[in-house]
**Student:** 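Below: one structure in structure tokens.
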Amino acid sequence: MNHPETPTGSQKPAPLNMSEAAEAVRTQFAADHARVAANPSPKAVEELRLAFLGRKGRVQDLIEGLRNVAKEQRPEAGKIVNSVRQDVDGAVTALQERAKAWILNERLNIPQVDVSLPVDDSTPAGALHPVSLMRRVLIREFRRLGFTIYDGPEIDFDFYNFSALNIPESHPARDMQDTFYVAPATGGAFDGQKMLLRTQTSNIQIHAMLAEKPPLRVIAPGRVFRCDSDITHTPMFHQIEGFVVDKGVTFANLKATIDTFLKAIYGRELKTRFRPSFFPFVEPGAEFDVQCTICSGAGCRVCKNTGWLEVGGCGMIHPKVFEAVGYDSEEYSGFAFGFGIDRMAMLKYALPDLRQLFEGDHDFLGQFPVHA
Ligand code: PHE
């Protein structure tokens, strides 16, 4: 607020005599004071103070002018100057007080919110996708069991998705998984190597084991891709891989882990069953079913009239896998499992068709809780 009229040291009037000079300062101060008093911002008040009371201010000029006054007139002149100084000082102090209130007012002048107005709900609130909800719940429960979260690539080398998992080239298990291949790698150490969209989160077993030393307790949620589509299959779906490697890990630990987290997730005792099954990277291997929540086991189209829904595979990590990552299978054992997150969401929210999850229908998606 640098007002052109703001008096500065360079605009001193030549003193005529002391009382006239003092009067001139009073007049000038009265004018400047009136202007600042109308809007006493801290800056304006400080400028006024410096102009009159500062080291080069006009009151100081008067005091210095006393030196030129004849000795006998000095006491009288001194009184006049002193009274000007006191008046100016008092007025400036009063303005400084008002400047404090001015700051407060500035703050209070922020536009007020009328809390009694009706809510404008024309902007719809977002909700979490059921798959995201399910993933969050899973992560929360596994964290409680002491698992660490790991991530891995969706486009990966054949090595991580297959070979290192004891699925060699031309193994029929490769056909089971309806793989989407992408162009082979070019250049560098990986030149010509087959690449694919991972068909399972099991690739993260290899990435994690190559990067870490046991003991390991890992979960890894992620997207996987298979060329497959019906009411319980979509070409992209979500899995959560879990694995534990340590000394003395047994199949009983695997069953206990699965039972514990299923109970935590579904909040009730769900009937579950393990069926012996084959995955090249586990031995023994099992598939894991949960009683169908849509028909409570009576049989329906979702469970293909079996009363059971297959949720995932599991088993004890195969020594060949340990060999591929350089772990000693005499010293360590481990279990692994891979579940479909979408299947689990389907069971939790009793969804009749898995494909609903990926159609982006707002009416459908808006029905789920906002928080996991
Ligand atoms: N990766 C397997 C699948 O996608 C599931 C699995 C994971 C089985 C870990 C055993 C151990 O079918």
Side-chain angles (χ1 to χ4, degrees), residues 135 138 142 147 150-154 156-168 171-180 196-209 216-230 232-245 249-258 261-262 272-290 308-322 324-325 327 329 332-344 346 354:
R135 186 180 51 224
L138 285 161
F142 277 113
F147 282 71
Y150 227 93
D151 199 8
E154 290 176 356
D156 210 352
F157 293 107
D158 178 283
F159 171 79
Y160 295 94
N161 194 84
F162 287 132
S163 312
L165 287 163
N166 194 29
I167 312 174
H171 191 286
R174 292 195 180 207
D175 300 335
M176 257 165 52
Q177 299 206 343
D178 307 297
T179 312
F180 289 111
L196 41 78
L197 301 185
R198 69 173 172 207
T199 60
Q200 49 187 357
T201 44
S202 301
N203 68 331
I204 301 170
Q205 287 189 34
I206 305 303
H207 285 283
M209 288 189 221
L216 270 181
R217 205 183 288 184
V218 170
I219 48 159
R223 292 193 288 185
V224 300
F225 307 85
R226 292 183 200 178
C227 190
D228 200 357
S229 184
D230 61 38
T232 52
H233 295 90
T234 48
M236 185 283 295
F237 60 104
H238 301 83
Q239 283 189 333
I240 186 164
E241 193 82 5
F243 49 97
V244 170
V245 182
V249 177
T250 69
F251 203 93
N253 298 138
L254 167 61
K255 283 197 80 170
T257 305
I258 291 172
F261 94 83
L262 279 179
T272 56
R273 70 177 187 190
F274 287 85
R275 275 178 295 110
S277 185
F278 175 75
F279 300 95
F281 39 94
V282 289
E283 179 59 35
E287 259 168 320
F288 179 73
D289 300 340
V290 175
W308 297 93
L309 266 177
E310 186 195 321
V311 171
C314 59
M316 300 306 291
I317 297 173
H318 200 287
K320 286 262 178 154
V321 174
F322 284 151
V325 297
Y327 285 6
S329 60
Y332 292 105
S333 59
F335 65 74
F337 55 82
F339 292 160
I341 300 180
D342 324 74
R343 287 279 180 92
M344 298 194 68
M346 209 175 166
L354 194 70

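We count ligands from 1, going down the list as the structure has it; atoms in each ligand are counted the same way. Quantities reported herein were computed from a predicted structural model and do not represent experimental measurements.
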**Student:** Could you tell me how the ring of F337 sits relative to the ring of F261: parallel (under 30°), tilted (30 to 60°) or perpendicular (over 60°)?
**Tutor:** parallel
**Student:** Please determine whether side-chain hydrogen bond (donor to acceptor under 3.5 Å, both in side chains) holds for the pair Q200 and Q239, giving the CA-CA distance in whole Å, both sets of side-chain angles, and the decisive distance to 0.1 Å.
**Tutor:** CA-CA 7 Å; Q200 49 187 357; Q239 283 189 333; over 6 Å; no
**Student:** Going by the order shown, which atoms of ligand 1 are within less than 4.0 Å of some heavy atom of Q239?
**Tutor:**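 Near Q239, the atoms of ligand 1 are 3 (C), 4 (O).
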**Student:** For the residue pair I258 and L262, establish whether any side-chain heavy-atom pair is separated by less than 4.5 Å.
**Tutor:** yes
**Student:** Parallel, tilted or perpendicular: which fits the ring planes of F147 and F142, with parallel below 30° and perpendicular above 60°?
**Tutor:**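 Rings of F147 and F142: perpendicular, over 60°.
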**Student:** Give the numbers and elements of all ligand 1 atoms closer than 4.0 Å to a heavy atom of S202.
**Tutor:**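 In order of numbering, the contacting atoms are 1 (N), 7 (C).
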**Student:** Judged on heavy-atom distance to atom 2 (C) of ligand 1, which of Q200, Q205, E310 sits nearest?
**Tutor:**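 The option holding the nearest heavy atom is Q200.
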**Student:** Does E287 approach ligand 1 within less than 4.0 angstrom via side chain, backbone, both or neither, non-hydrogen atoms only?
**Tutor:** neither
**Student:** Can you check side-chain hydrogen bond (donor to acceptor under 3.5 Å, both in side chains) on D178 and T199, steps first, answer last?
**Tutor:** CA-CA 8 Å; D178 307 297; T199 60; over 6 Å; no
**Student:** Quick check on ring-ring contact (aromatic ring centres under 6.0 Å, His included): which of F279, F274, F335 does F288 satisfy it with?
**Tutor:** F274
**Student:** If you take the nearest heavy atom of each of G338, S277, G242, which one is closest to atom 5 (C) of ligand 1?
**Tutor:** G338
**Student:** Using every non-hydrogen atom in the two residues, find where M236 and R223 come nearest and quote the distance to one decimal.
**Tutor:** SD-CD, 3.6 Å
**Student:** Which residue from G340, G313, A336, P280 reaches closest to atom 6 (C) of ligand 1 through any of its heavy atoms?
**Tutor:**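 Comparing heavy atoms across G340, G313, A336, P280, the nearest one to atom 6 (C) of ligand 1 lies in G313.
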**Student:** Do ligand 1 and E241 have nitrogen or oxygen atoms that lie under 3.5 Å from each other?
**Tutor:** no
**Student:** Looking at ligand 1, does G285 have a heavy atom less than 4.0 Å from it?
**Tutor:** no
**Student:** Would G312 count as a contact of ligand 1 if the rule is a heavy atom under 4.0 Å away?
**Tutor:**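 No, G312 has no heavy atom closer than 4.0 Å to ligand 1.
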**Student:** Please classify the F281 to ligand 1 contact at 4.0 Å (heavy-atom distances, strictly less than): side chain, backbone, both or neither.
**Tutor:**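 For F281, the contact with ligand 1 is made by the side chain alone.
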